[in-house]
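Chain A is the first sequence line, chain B the second, and so forth, proteins listed ahead of strands; every chain is numbered from 1. Since the structure is predicted, the reported quantities are computational estimates derived from the model, not experimental observations.
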Amino acid sequence: MSDRIFGGIGLALAVLFAFQATLIEAPFISDAVGPSVFPIIIAMIMGLSSLYFLFKPDPEPAWPQFGQLAEIGLAAAVMFAYAQLLPVLGFVIATMFAAGYLAWRLGSKPIEAALVGIGTAVGIYAVFHLVLGLSLARGPLGF
Amino acid sequence: MEMLASLGDGFAVALTFQNIGLALLGCFLGTIMGALPGLGPSNGVAILIPLAFTLGLGATPALILLTSVYYGAMYGGRISSILLNIPGDEPAMMTCLDGYPMAKKGQAGEALALSGIASFVGAFFATWGLAFLAPQLVKVALLFGPAEYFALFVLAFATLGGISSTNQAKSAFAAALGLGLAMIGVDTQTGVPRFTFGEVHLYDGIDFLVAIVGLFALSEVFIFLEHRGSAKDATTEEKIRVGRIVPPWSMVKSCIPTMGRTSILGFIAGVLPGAGASLGSFISYSMEKRLVDKDGTFGKGDPRGVAAPEAGNNAAAGGALVPMLALGVPGSGTTAVLLAVLLALNITPGPLLFTQNPDVVWGLIAALFIGNFMLLALNIPMVGLFTRVLMVPPRILMPIVAMISFVGIYGISGSTFDLTVMILFGIGGWALRKLDVPLVPVILGTLLGNEMEVNMRRAVNIADGDYTVLASSWLTILLWTIAIVGFVVPMIAGKLLKRRMALAKAAGDEADLVD
């Protein structure tokens with residue numbers, strides 16, 4: 001079933017892609033091929049392969065339980081928040097929280113998770129910023 | 001002779017303090033990454049590319065660092081195979097079969113040292129092979145016009161799934177997805193924006209580094225989150241004592257013919273499109289088993305069963321660099337990532353690289369020789385150190401991996417937009433992995449998409465809009481034929497080969513149940 005759904009999504013994607021390709025404005029001066037031919041070929045390959053597993057799906061993969069799916073979703077949400085907050089909070093503080101959260105969800109005890117968070121943030125800051133001179137996001141406190 | 005002179009120049013480039021230091025660092029980090037289950041060579045190199053890039057390293061030093069990581073990871077994969085019976089990376093799977101039984105017999109140290117020597121022999125041979133074969137291949141590649149290049153790219157995609165691929169439709173889908181992603185941005189030939197939906201950030205396309213780090217490194221973090229608690233935790237395994245680390249000379253001697261044969265076989269497997277290191281170690285092991293396993297000791301801790309796959313996979317790793325450097329078309333996942341390094345540094349691999357930047361090529365090859373000796377030195381006396389690294393549990397390791405990925409990508413552009421795209425790639429990569437869709441064609445597609453299109457358009461333009469030019473010269477017809485055969489054969493042979501690999505693995509597991 002998963003493969004059929006995936007095939008459906010793939011097919012929709014291919015059609016959308018091909019449609020978008022036909023919308024590309026033909027430029028004033030173009031070469032003999034133009035900018036939309038190659039994308040249309042790609043869309044055809046994508047569509048054909050999607051059709052294949054729409055009709056001939058593989059055995060069902062082992063999808064995680066709802067709890068684990070939520071786990072992944074939450075981790076992704078934390079990462080998205082991290083990306084947004086990085087320039088606001090600064091590298092060290094934001095990283096401390098994100099790394100600590102991940103460590104906790106991967107099975108560390110709260111205290112260990114906090115230590116991993118602090119250690120990762122300070123460690124990366126020391127190695128990459130202080131030693132190697134990489135510019136990291138600067139927060140209100142200057143780090 | 002010409003080659004030796006070039007190689008001499010290469011050593012002059014590589015033998016600076018900075019480059020030797022980088023090679024040492026790369027070998028060390030690579031061995032650790034190879035040894036840790038879940039961080040293979042592709043991941044390892046992927047995480048480090050943005051860093052090498054943002055640190056402002058020049059082309060040669062950056063390449064030296066990253067190829068050392070590549071070679072190091074190939075060495076390191078065997079450590080956890082032998083000690084924990086968990087392959088550190090995919091090519092090291094076959095090393096479990098005899099390595100773990102040896103460790104159970106109290107010969108862990110000997111197995112580690114022997115496999116270190118076998119890795120050295122394989123990689124050393126392959127580096128010479130690279131130095132000899134790549135310039136020859138360049139001579140052929142100079143005959144290539146745009147149509148030939150287009151056919152070559154098709155060949156690369158058609159064979160990338162490899163002989164062991166079971167579902168070619170999924171490989172094809174992955175390639176199309178990658179190529180489609182490459183189309184996003186302003187068309188280089190006409191200046192028209194494509195698939196940007198008016199989003200300014202998308203005008204210069206999706207940075208392939210963002211795609212690579214997301215697909216490889218972040219999706220790994222998601223996989224670990226999913227398997228939390230259920231997965232085997234390296235720390236709960238019974239500890240195996242390493243024991244003496246110097247194998248007796250008679251043991252090494254008995255493996256010399258094995259190492260010789262499997263190095264050659266592995267190298268050939270690496271050079272051929274679609275084979276790569278995993279297959280190199282698999283066929284090396286199978287061949288040796290057939291040739292020398294007279295008493296049925298393979299799978300029960302035979303030293304030759306450790307030497308064979310290790311020499312084979314390291315030789316294949318070197319062999320895989322040949323098409324990547326000479327043609328600009330990688331044959332395996334990790335070399336695809338190394339290609340990304342070159343492109344990020346604004347170097348176009350392929351025949352012109354050998355004439356325009358000989359210092360890069362020969363400096364790199366010289367660095368591989370140096371790195372190989374370093375790895376031998378690191379891996380035999382210091383193997384105890386690496387075995388301790390294995391004790392770092394994923395719950396501590398993975399957050400660090402994730403954060404280093406973020407730092408690398410943020411360092412390139414300083415934009416949260418790129419980070420967001422990277423997370424999306426991470427989630428997408430996780431879903432594709434669950435659905436058994438290979439990720440390497442996606443990467444290769446984003447890397448080569450524009451180049452492929454440019455070659456196609458150039459060829460057709462020169463022929464005044466005649467599309468038949470794409471398959472008219474004998475060379476293009478040859479390439480197309482290989483591509484089609486390479487795409488069709490796995491449909492028949494793939495299932496068979498996968499089953500045999502699984503059987504071999506199952507037989508190995510059974511053997512240690514009996515023990």
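Residue B:Leu432 touches chain A through its side chain alone, counting heavy-atom pairs closer than 4.5 Å. In this structure, the portion of A:Ile124 lying under 4.5 Å from any heavy atom of chain B is its side chain and not its backbone. With a 4.5 Å cut-off on non-hydrogen atoms, B:Met183 touches chain A through its side chain but not through its backbone. The part of A:Glu112 that comes within reach of chain B is its side chain, from C-beta onward, which places non-hydrogen atoms under 4.5 angstrom from that chain. For A:Leu51, no part lies near chain B; criterion is any non-hydrogen pair under 4.5 Å. In this structure, the portions of B:Ala172 lying under 4.5 Å from any heavy atom of chain A include both its backbone and its side chain. Using a 4.5 Å cut-off between heavy atoms, B:Ile427 touches chain A through its side chain atoms alone. Looking at B:Leu218, only its side chain comes within 4.5 Å of chain A, counting heavy atoms on both sides. Residue A:Leu115: no heavy atom, backbone or side chain, is found under 4.5 Å from chain B. Contacts of B:Phe406 with chain A are made by side-chain atoms alone, with heavy-atom separations under 4.5 Å and no backbone atom involved. If you measure heavy-atom distances from A:Tyr82 to chain B, the contacts under 4.5 Å come from the side chain alone. Both the backbone and the side chain of B:Phe173 come within contact range of chain A, with heavy atoms under 4.5 Å apart. Heavy atoms closer than 4.5 Å to chain B are found nowhere in A:Leu23, neither backbone nor side chain. Both the backbone and the side chain of A:Ile72 have a heavy atom closer than 4.5 Å to some heavy atom of chain B. Looking at B:Phe417, there are no atoms closer than 4.5 Å to chain A (heavy atoms on both sides), in backbone or side chain. The parts of A:Ser108 that come within reach of chain B are both its backbone and its side chain, each placing non-hydrogen atoms under 4.5 angstrom from that chain. For A:Ala14, no part lies under 4.5 angstrom from a heavy atom of chain B.
Expressed to the nearest 0.5 Å, how far CG of B:Leu25 lies from CD of B:Gln18 amounts to 11.5 Å. The distance from atom CE of B:Met456 to atom OH of B:Tyr467, rounded to the nearest 0.5 Å, is 5.0 Å. From B:Leu439, atom CG reaches atom CG of B:Leu444 across 12.5 Å, with rounding to the nearest 0.5 Å. Residue A:Arg4 holds its CZ atom at 8.5 Å from CZ of A:Phe55, rounded to the nearest 0.5 Å. A distance of 8.5 Å separates CG in B:Asp436 from CG in A:Asp3, rounded to the nearest 0.5 Å.
When the side-chain contact (heavy atoms from CB on, under 4.5 Å) test is applied to B:Ala62, the partners found at least two apart in sequence or on another chain are B:Ala52, B:Leu57, B:Leu345.
Taking the ring centroids of B:Phe195 and A:Phe17, they lie under the 6.0 Å cut-off.
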Test B:Leu419 against A:Met79 for side chain to side chain contact (heavy atoms under 4.5 Å, CB included), laying out the working first.
-> CA-CA 9 Å; B:Leu419 293 183; A:Met79 288 183 194; over 6 Å; no
Given the rule in the side chain to side chain contact (heavy atoms under 4.5 Å, CB included) test, do B:Val407 and A:Phe91 qualify, once you have shown the distances and angles that lead to the verdict?
-> CA-CA 9 Å; B:Val407 169; A:Phe91 175 78; 3.4 Å; yes
Side chain to side chain contact (heavy atoms under 4.5 Å, CB included) between A:Phe53 and A:Asp58: does it pass, once the steps are laid out?
-> CA-CA 7 Å; A:Phe53 37 78; A:Asp58 280 347; over 6 Å; no
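When each of A:Leu102, A:Val33, A:Thr120, A:Leu13 is checked for heavy-atom pairs under 4.5 Å with chain B, A:Val33 comes out on top. Ranked by heavy-atom pairs shorter than 4.5 Å toward chain A, the options B:Ile404, B:Val437, B:Asp418, B:Leu435 are led by B:Leu435. The choice from A:Tyr52, A:Trp104, A:Phe80, A:Trp63 that makes the most heavy-atom pairs within less than 4.5 Å of chain B is A:Phe80. When each of B:Asp187, B:Leu424, B:Ile423, B:Val460 is scored by its heavy-atom pairs under 4.5 Å with chain A, the top score falls to B:Ile423.
Under the 4.5 Å side-chain criterion, counting only non-hydrogen atoms from C-beta, B:Val469 is not in contact with B:Ile462.
For B:Glu453 against A:Pro35, the heavy-atom pair with the smallest separation is OE2-O, 4.2 Å.
Enclosure of atom CG in A:Leu130 by more than 12 non-hydrogen atoms of other residues, nucleotides or ligands within 6.0 angstrom is indicated.
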